[in-house]
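Here is the naming used below: chain letters follow the sequence lines, and residue numbers restart at 1 for every chain.
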Amino acid sequence: MLGFDISLHKLYAMPLILLISLSGCSSIPADQQSDSRDPYENTNRSVFAFNLLTDDYVLEPVAKTYKDTVPLPAQTALSNHVEWVGLPSTVLNSSFQGKLENATLASLRFLVNGLTFGLVDLMENEDEPEPKDFGQTLAFTGVPEGSYLMVPLLGSHTTRSLAGRGFDFMFNPISLVGGSSAPAVRRAETPIAAITFRSNSFNVINQIKYNSIDPYARTRSAYYQRRTGQLADILPEKADIDDGFGAFFE
Amino acid sequence: MVQLCCLFRATIAFFAVFILAASITVNPAQARADSRVLKADAFILSLINDIRITVEAATETNDERKAAINAVVDTYFDVDGITRFSAGRYWRAASDEQRVHYARQFRNVLVNTASRQFDQIKGLTFIPTISKVRGDKLILVGGIIQDGTGALPDVEIFWRVSAIAGQPMRVIDVEIENISMLKTQRDENEAIIRRGGGSFDALLQSLDERLAAMAKQ
């Protein structure tokens, strides 16, 4: 049975509604921006402060408890499951981007690991598909990147990657599967993904949070670099022979 | 007919030898690149070994840790280049006094931060993977960082090594999962200066405050 869980999409829309209500959509003059890609910096910094507070009071303590109390095999199983849930998006977007080998790898992995709902990686020693999202597909079709956006609860995005994320969420085949317990299971997916992500990145995020002078600027820089890496095979013109380190030797 | 056959065989033999020779004759530029890569790989393995020794040995006092970290940094890292690059485009406009102040505090922040993370480094293993040449001055030495306990997922890491002919190799950056630590530091520093109205002193003040906060912790 196929269904469409409207409440989940409302849940997804919440960060966007929060973002819009917080922003008033006011951009700041170019000479006051600390990065030309970030015209809404003041608003973004407010959202970042909100996200940090959420992390202080919810995510970090929950992730710490999860790390300290949940047995390692169970943590691995949940991380595997979160990865597995994202595979249909990789299949779709790899196909859109003409990366058929990656689509095949992701399909196989999804089907084989589906025997355990993704909890056990039965293809541990096989080639892993590269995760692909609709934001990358939009880049592939030439859609411009847009501005940097710090989204409540969801963190760093660009306009393009946020649109892509919405598409991936709504059209992931898993979100269309129905059944009596399906809505409850799907509602649990987002917090599970958030906790496993926070737990797997515990030290890295804490390093940024507690050891940076400007955690916002550091987060933004890390996001853009990571995203550039993910887009390297789509936008090879962005790749630089000296990786942007030419100035190092001047 | 016999002559024709001999000629045919000689021709085949000539081409076979030619193809064989071509396949084993290494392009000199390629050979140089390969030897630089091998040297860079060995350099990083030596660094990893020294870090391991440092982590295992210097755990008594914080000062001991810092001294050990400083020794590793001076041996393997291009400290001057990293300092200059991390200040971004504002380095050129900074006065000598500001540069000296920045270099001292930047190093202090780095060493203090590293010494606090000794416990996180324990139990990690570096497994070399593939190294790449970038232009004529850089080599990326790749590897995977594995957590022996299995608590953390594997992490892809690249050491960016400057390999300029006639100069000793030095690490200039560490890149983890496509994120360059040096570029991130530079972006953060430039953001602080820009938000401080373009004043280099805004960065110096932030560094001083950060160090003061670290001293209290």
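- Taking CD1 from B:I172 and CZ from A:F248, the interatomic distance works out to 4.5 Å, rounded to the nearest 0.5 Å.
- Of residues 78-92 of chain B, those residues lying under 4.5 Å from chain A by any heavy-atom pair are B:D78, B:G81, B:I82, B:R84, B:F85, B:R92.
- For B:D136, no part sits under 4.5 Å from any heavy atom of chain A, backbone or side chain.
- Heavy atoms closer than 4.5 Å to chain A are found nowhere in B:L203, neither backbone nor side chain.
- Scanning residues 176-185 of chain B against chain A with a 4.5 Å non-hydrogen threshold yields B:E177, B:N178, B:I179, B:S180, B:L182, B:K183, B:T184, B:Q185, sorted by number.
- B:S95 meets the side chain to side chain contact (heavy atoms under 4.5 Å, CB included) test with B:E97, B:Q98; sequence neighbours excluded.
- Summarising the local packing, CD1 of B:I130 is surrounded by 12 or fewer heavy atoms from other residues, nucleotides or ligands at distances under 6.0 Å.
- For the set A:S221, A:S79, A:A222, the count of heavy-atom pairs under 4.5 angstrom toward chain B peaks at A:S221.
- The choice from A:R226, A:Q225, A:Q75 that makes the most heavy-atom pairs within less than 4.5 Å of chain B is A:Q225.
- Taking CG of B:D173 as the start and CZ of A:F245 as the end, the distance is 4.0 Å to the nearest 0.5 Å.
- Annotation: B:D74, atom CG; neighbour count of heavy atoms from other residues, nucleotides and ligands within 6.0 Å is above 12.
- Of the two parts of A:R220, only the side chain, counted from C-beta on, holds a non-hydrogen atom closer than 4.5 Å to a non-hydrogen atom of chain B.
- At a heavy-atom cut-off of under 4.5 Å, chain B is reached by A:Q207, A:Y210, A:N211, A:S212, A:I213, A:D214, A:A217, A:R218 from residues 205-219 of chain A, listed in order of number.
- Interface remark: A:F249 contributes side-chain atoms only to the contact with chain B (heavy atom separation under 4.5 Å).
- Contact count versus chain B (heavy atoms, under 4.5 Å) is highest, among A:R227, A:R45, A:Q230, for A:R45.
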